[in-house]
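Report on the structure given below.
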Amino acid sequence: MTRAFIALGSNLGDPRQQVLDAMDALQRLPDSRVLQRSRLYRTPPWGVLDQPDFINAVVAIDTGLSPHVLLDALHAIEQQAGRVRLERNGPRTLDLDLLYMDGVRINDAQLTVPHPRIAERAFVLLPLADVAPELQLPAGTVAELLARIDIHGCVALA
């Protein structure tokens with residue numbers, strides 16, 4: 001089993017419910033077990049700014065799936081939630097990103113692990129800090145990276 005961290009985000013439909021449903025779907029992945037769920041965060045959009053705020057979270061899992069099989073499973077969950085890929089960084093019903101897998105480094109046409117923009121994004125680092133603040137990423141620990149970025153507008157939800 002390999003520890004993996006998955007980012008979840010939504011800003012269309014009922015974003016909170018979309019993220020919670022996706023967390024439940026992650027529990028049903030074959031040869032995998034959800035270990036921890038972060039709190040939910042309301043965060044401002046990133047990239048394309050003229051869109052609703054997002055609900056974001058991170059889930060830690062142990063999985064026997066390979067990185068590419070896990071990615072395919074994440075894409076299937078997105079499709080079940082009605083995800084249509086129209087605009088990079090645009091609105092979406094559900095976005096699932098494989099952020100990190102212990103001992104895995106991949107950079108190919110389908111997948112880059114660790115995710116190349118973790119260190120730039122409060123909407124990833126805040127929930128990742130809930131489940132793995134001491135996780136060592138290429139640019140530092142999650143806690144160190146979080147201390148370096150602007151988290152203005154990000155709110156933990158009850």
Side-chain angles (χ1 to χ4, degrees), residues 1-11 15-16 18-47 53-81 83 85 88-90 92-151 154 156-157:
M1 292 291 229
T2 303
R3 180 79 34 94
F5 297 90
I6 299 163
L8 303 89
S10 174
N11 73 338
R16 186 176 199 277
Q18 293 277 19
V19 169
L20 293 173
D21 290 347
M23 287 178 167
D24 291 341
L26 291 172
Q27 291 186 131
R28 295 187 297 274
L29 288 176
D31 199 20
S32 302
R33 182 171 60 101
V34 171
L35 302 172
Q36 289 181 284
R37 297 175 171 202
S38 73
R39 293 176 285 178
L40 300 180
Y41 289 84
R42 183 176 42 79
T43 63
W46 192 91
D53 284 351
F54 279 81
I55 299 297
N56 292 101
V58 166
V59 170
I61 66 170
D62 275 346
T63 186
L65 301 176
S66 72
H68 287 92
V69 171
L70 179 56
L71 180 66
D72 290 343
L74 298 180
H75 286 165
I77 293 169
E78 288 177 344
Q79 288 176 341
Q80 290 169 0
R83 170 81 188 260
R85 295 177 185 272
R88 183 177 170 91
N89 298 318
R92 71 236 21 217
T93 55
L94 184 63
D95 186 31
L96 301 177
D97 286 324
L98 178 55
L99 299 174
Y100 181 87
M101 286 184 86
D102 285 345
V104 173
R105 288 195 180 272
I106 296 175
N107 188 1
D108 64 28
Q110 289 79 38
L111 181 62
T112 302
V113 175
H115 193 287
R117 290 172 295 283
I118 291 174
E120 304 166 10
R121 297 177 169 178
F123 66 85
V124 169
L125 289 172
L126 278 166
L128 188 55
D130 282 354
V131 299
E134 298 307 315
L135 177 65
Q136 183 65 50
L137 299 169
T141 67
V142 171
E144 291 167 346
L145 296 172
L146 185 56
R148 296 179 199 157
I149 65 168
D150 180 10
I151 62 169
C154 300
L157 303 177

Can you check side chain to side chain contact (heavy atoms under 4.5 Å, CB included) on Met23 and Leu40, steps first, answer last?
CA-CA 11 Å; Met23 287 178 167; Leu40 300 180; 4.1 Å; yes

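Contact check for Ile118 versus Val142: no side-chain heavy atoms found under the 4.5 Å cut-off. For the pair Ser38 and Leu128, the minimum side-chain heavy-atom distance is 4.5 Å or more. Proximity of Leu26 to Leu8: side-chain heavy atoms (C-beta onward) are separated by under 4.5 Å at one or more points. Counting only heavy atoms from C-beta outward, the side chains of Asp72 and Leu74 never approach each other to under 4.5 Å. At a threshold of 4.5 Å between non-hydrogen side-chain atoms, the residues Arg121 and Trp46 count as touching. When side chains are defined from C-beta on, Pro15 does not count as touching Arg92, because their heavy atoms never get closer than 4.5 Å. Between Tyr41 and Ile55, the closest side-chain pair of non-hydrogen atoms is not below 4.5 Å. No side-chain heavy atom of Ile6 sits less than 4.5 Å from a side-chain heavy atom of Val58.
The CG atom of Asn56 lies 8.0 Å from the SG atom of Cys154; values are rounded to the nearest 0.5 Å. Note: Thr63 OG1 to Arg3 CZ = 11.5 Å, rounded to the nearest 0.5 Å. The CG atom of Leu125 sits 11.5 Å away from atom CD of Glu144, with the distance rounded to the nearest 0.5 Å. Distance CG/Leu99 to OG1/Thr112: 12.5 Å, rounded to 0.5 Å. Rounded to the nearest 0.5 angstrom, Met1 CE and Ile61 CD1 are separated by 8.5 Å. Between atom CZ of residue Arg117 and atom CG of residue Asp97 there is a gap of 8.5 Å, rounded to the nearest 0.5 Å.
At a cut-off of 3.5 Å, with distance as the only test, no side-chain donor of Asp102 or Thr2 sits close to an acceptor on the other residue.
Across Asp53 and Pro44, no two heavy atoms sit closer than the pair OD1-CA, 3.5 Å. Looking at every heavy atom in both residues, Val113 comes nearest to Met101 through CG1-N, 3.7 Å. Nearest heavy-atom pair, Ala132 versus Phe5, reported as atom, atom and distance to 0.1 Å: CB-CE2, 3.6 Å. For Ala129 against Leu146, the heavy-atom pair with the smallest separation is CB-CD2, 3.8 Å. Minimum interatomic distance between Ile149 and Ala119 (heavy atoms only, all atoms of both residues): CG2-O, 3.4 Å. Residues Gly140 and Leu145 approach most closely at O-CD1, 3.8 Å, considering heavy atoms.
A donor-acceptor contact shorter than 3.5 Å is absent between the side chain of Gln110 and the backbone of His68. The backbone N or O of Val19 sits nowhere less than 3.5 Å from a side-chain atom of Ser10 that would complete a donor-acceptor pair. Remark: the backbone N or O of Val69 is paired with a side-chain donor or acceptor of Ser66 at under 3.5 angstrom. For the pair Asp130 (side chain) and Arg39 (backbone), a donor-acceptor distance under 3.5 Å is present.
Ser32 pairs with exactly one of Leu35, Val34, Leu29 by the side chain to side chain contact (heavy atoms under 4.5 Å, CB included) rule, that one being Leu29.
Comment: Asp21 does not engage Arg16 in a salt bridge, judged by the lack of any side-chain N to carboxylate O separation of less than 4.0 angstrom.
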